[in-house]
Novice: 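Okay, handing you the structure first.
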Amino acid sequence: MDEALFLSGLLAAGIRLATPIALAAIGETISQRAGVINVGIEGIMLVGAFVAVLVTVSSGSPWAGLAAAILSGAAMGAIHAVFTVRLKAEQIVSGIALLFLGIGLSGYGFRLTLAQGGTAVQVPGFRELDLFGLAGVPIVGPILFGQHALIYLAVIGAALLAFMLSSTRLGLMIKAAGDYPQALDAAGGAVDRVRFLCVMASGAFAAAGGAFLSTAQLWGFVENMTAGRGFLAISCVVFARWNPLGAIVAALGFGIADALQIRMQAGYPGVPYQFFVIAPYVVAIVSLALASRGSRMPAALGTAFSPQR
Amino acid sequence: MLKLMTGTAIVLALMAGTAIAETKKIALVLPGPVTDGTFNSAANKGIEAAKAKYDIEVVVRENTDFAQIQDVLRSYAEEGYDMIIGHGFQFAEPVMEIHAEFPDTWFVVNTAQVAAAPNVASFDNRWGDAGYMAGAVAGLYTKSGTIGHIGAIPVPVIEDYNKGFEAGAKSMRPEVKVLSAYVGSFSDIARGAEITTSLIEQGADVVTSTGNENVVGTIQAAQKAGVQAIGTAFDSQAMAPETIITTALINMDVNIDLAVGRLIDGSLKPESYVLGLNENGIGLAPFRDFESKISAEDMARIQAMMKEFADGTLPPK
């Protein structure tokens, strides 16, 4: 029974740790499938985390906070899109600028608003659900039925996106924008418009990931609280070969590895803690190295589109 | 008329000029943001209090990476600051490297023990003693017999606290099980919370945490799980009144007040000042709501321990 409890705690923690990364990775997948790299999602996550807390505190509803975060994320995405899609700026450079913009905006906004009082504000954040009253069932209950609403929404969202990419006209247009924009253009599709919307969507998902961190997993904002999760999300995209469902699996793998190292640490006090802390990153690097073999990157990824007329 | 105004302006400027000449210029260099609610907030509050108390001009620099430290120190020294306070043991090495070039500037390092003539002093708090007090309270309060400490990164002061925590707990309850784990980051509050949750799953019902923002993660995880926490450094009981039993105080404002006060009255020496309970460098915050939840007998043992720290019987040599 002890092993069962250990396993259930491990998986539940793994899922919580994976969710912000998974949401950001889903967004990054859409953007990259359309041909635009967004390395600034870490900054967007921070803005999402801050806006979610701010609006949750002022409105009393975490759903309002989530909605506001998603809007702010889409707006951040639009900034990236203006530079990379409209003005054809170098995507990595614009993404890095976005990263610093996000760090600055969220930190400064926090100081202007919630940090004023000096004491921590109470955030009426999300609570875990109890679907069908089954969350109390031993072991599987908390994992399958007792998670945060956002986790179910992330899985549903990824499934819908995977379907959209593989089986719809819009999906085809997105893939064409990333793989062979000239063809999409020749067929009368608006490459830049598709890309613009996909980058905005990536911002919305990243901000939702930030909102999960600050209003579900924790209730509160601190500067730089994403601690590199946006970059892990980018590596999940590559590992999952640009498939949104795969990105969730990759994020979950990372989350469980992290949850496992956390539990191993206390069990083996003799081993230097650094070995445990780096474990999830080693998993990420090794799996990236394995996955990059035979990977199929969107052919026009990272390049601005200019019609050849 | 214009002449008169210009004349007044010049006189005013001269008066202001002489006033500034006497005002000491102090730079506080922080490794993190002033909004972290612990280590950096405490220093900022300390310098704010000093600004109100003494005639000083203060500049606070936040988020200073290790790699930037030397350049930052150098630029303040070149601008003629009278004292530069580096908040954290990581400032010790860069300070030692450059202090000789700027003999007119005092370099003060917090939470480290370094000193060099003519102008390097340090103020450290007895983190190990603070940990011992936290451990004693945790050892008396725990019902499961398991308690936990979640540190950010095992830097010297956090390791001292960790050792003290275990020793303090065992002094009250020799069979207590003390779990310990590290976050690997000062700012990753989500991971801090998850590590705390894992220790709670392993049976810990009183937890404590050291570092910066990660401490908030521990307190929230304890709050959600309905177990108790002991705060560190900064009395933040208002954040979770039903969760936080007490706080092992590290009074960073006292370090800063001493440094500034001694600079102004000229008694600052190139020494390392170590601040314990009697110097008000550490302490235990009021128990407030928990006063009634701790038995009179346990409370007497806590008070006896505090007395032993005051008269020097503790810490164990």
Side-chain angles (χ1 to χ4, degrees), chain A residues 2 5-6 8-10 12-14 16-17 19-20 49 103 107 110-111 114-123 125 127-128 212-214 216-229 255 258-269 272-274 276-281, chain B residues 32-38 40-41 44-45 48 62-63 146 148-151 153-154 162 166 177-204 212-217 219-221 223-224 234-241:
Chain A
D2 256 8
L5 271 182
F6 174 81
S8 127
L10 173 76
R16 281 194 301 270
L17 285 163
T19 305
I103 294 173
F110 179 58
R111 283 168 196 217
L114 301 170
Q116 284 290 323
T119 49
V121 239
Q122 302 284 341
V123 181
R127 291 178 183 277
E128 276 98 342
F212 178 86
L213 262 181
S214 67
Q217 192 171 15
L218 294 150
W219 293 335
F221 178 83
V222 301
E223 290 177 45
N224 246 330
M225 69 187 294
T226 47
R229 286 175 176 79
D258 204 7
L260 186 64
Q261 71 87 2
I262 282 170
R263 280 158 180 76
M264 303 279 280
Q265 260 197 59
Y268 299 92
Y273 91 105
Q274 288 91 340
F276 295 111
V277 170
I278 61 167
Y281 301 97
Chain B
V34 295
T35 54
D36 69 351
T38 50
N40 294 291
S41 299
N44 190 49
K45 286 212 165 161
E48 289 294 328
E62 300 172 60
N63 296 320
T146 303
H149 168 239
I150 300 96
I153 287 176
N162 192 38
E166 181 162 0
K177 192 173 165 199
V178 185
L179 303 172
S180 139
Y182 291 100
V183 182
S185 155
F186 282 99
S187 63
D188 194 339
I189 69 170
R191 191 182 273 165
E194 290 296 350
I195 294 194
T196 307
T197 304
S198 86
L199 296 192
I200 294 169
E201 281 168 6
Q202 290 171 54
N212 292 359
E213 295 95 315
N214 62 299
V215 176
V216 178
I219 289 167
Q220 288 204 356
Q223 201 175 10
K224 284 192 182 176
F234 206 65
D235 187 359
S236 51
Q237 205 188 28
M239 199 156 83

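Values below: every heavy atom of this structure, side chains too, minus hydrogens, waters and symmetry copies. Numbered from 1 within each chain, the chains take letters A, B, ... in sequence-line order.
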Novice: When rounded to the nearest 0.5 angstrom, what distance separates CD in E62(B) from CD in E223(A)?
Specialist: 7.0 Å
Novice: Report which part of E194(B) has an atom under 4.5 Å of a heavy atom belonging to chain A: side chain, backbone, both, or neither.
Specialist: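 For E194(B), backbone and side chain are both near chain A.
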Novice: Once you round to the nearest 0.5 Å, how far does CH2 of W219(A) lie from CD1 of I189(B)?
Specialist: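 The distance works out to 13.0 Å.
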Novice: Given the options S41(B), S180(B), P154(B), which has more heavy-atom pairs under 4.5 Å with chain A than any of the others?
Specialist: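 Top option by heavy-atom pairs under 4.5 Å: P154(B).
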Novice: Who among L17(A), L10(A), L213(A) has the most heavy-atom pairs with chain B under 4.5 Å?
Specialist: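 Looking at each of L17(A), L10(A), L213(A) in turn, L17(A) comes out on top.
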Novice: So which part of L218(A) gets closer than 4.5 Å to some heavy atom of chain B, the side chain, the backbone, both or neither?
Specialist: both
Novice: Taking every non-hydrogen pair under 4.5 Å, which of A190(B), G32(B), S185(B), A181(B) racks up the most with chain A?
Specialist: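 Looking at each of A190(B), G32(B), S185(B), A181(B) in turn, A190(B) comes out on top.
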Novice: Which pair of heavy atoms, one from F110(A) and one from T35(B), lies closest together, and at what distance?
Specialist: CE2-CB, 3.7 Å
Novice: Answer yes or no: is there a side-chain heavy-atom contact under 4.5 Å between N224(A) and E213(B)?
Specialist: no
Novice: Is chain B contacted by the side chain of A49(A), its backbone, both, or neither, given a heavy-atom distance below 4.5 Å?
Specialist: neither
Novice: May I ask you to name which of S236(B), A240(B), G184(B) has the most heavy-atom pairs under 4.5 Å with chain A?
Specialist: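 Top option by heavy-atom pairs under 4.5 Å: G184(B).
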Novice: Tell me, side chain or backbone of V34(B) under 4.5 Å from chain A's heavy atoms, or both, or neither?
Specialist: both
Novice: Please check if the number of heavy atoms outside K177(B) that lie under 6.0 Å from its NZ is greater than 12.
Specialist: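 Atom NZ in K177(B) is not crowded, with 12 or fewer foreign heavy atoms closer than 6.0 Å.
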Novice: With a 4.5 Å limit on heavy-atom distance, are the side chains of Q265(A) and S198(B) in contact?
Specialist: no
Novice: Work out which heavy atom in A216(A) is nearest to a heavy atom in K224(B); give both atom names and the distance.
Specialist: O-NZ, 2.9 Å
Novice: Going from CD1 on I195(B) to OH on Y273(A), what distance comes out if it is rounded to the nearest 0.5 angstrom?
Specialist: 9.5 Å
Novice: Out of curiosity, D258(A) CG to R191(B) CZ, how far, rounded to the nearest 0.5 Å?
Specialist: 4.0 Å
Novice: Please look at R229(A) and chain B and tell me whether the side chain, the backbone, both or neither of the residue comes under 4.5 angstrom of a heavy atom of that chain.
Specialist: side chain
Novice: With chain B as the partner, which of Q261(A), R127(A), M225(A), R263(A) has the greatest number of non-hydrogen pairs under 4.5 Å?
Specialist: R263(A)
Novice: What are the two closest non-hydrogen atoms of V222(A) and S187(B), and how far apart are they?
Specialist: CG2-O, 4.2 Å
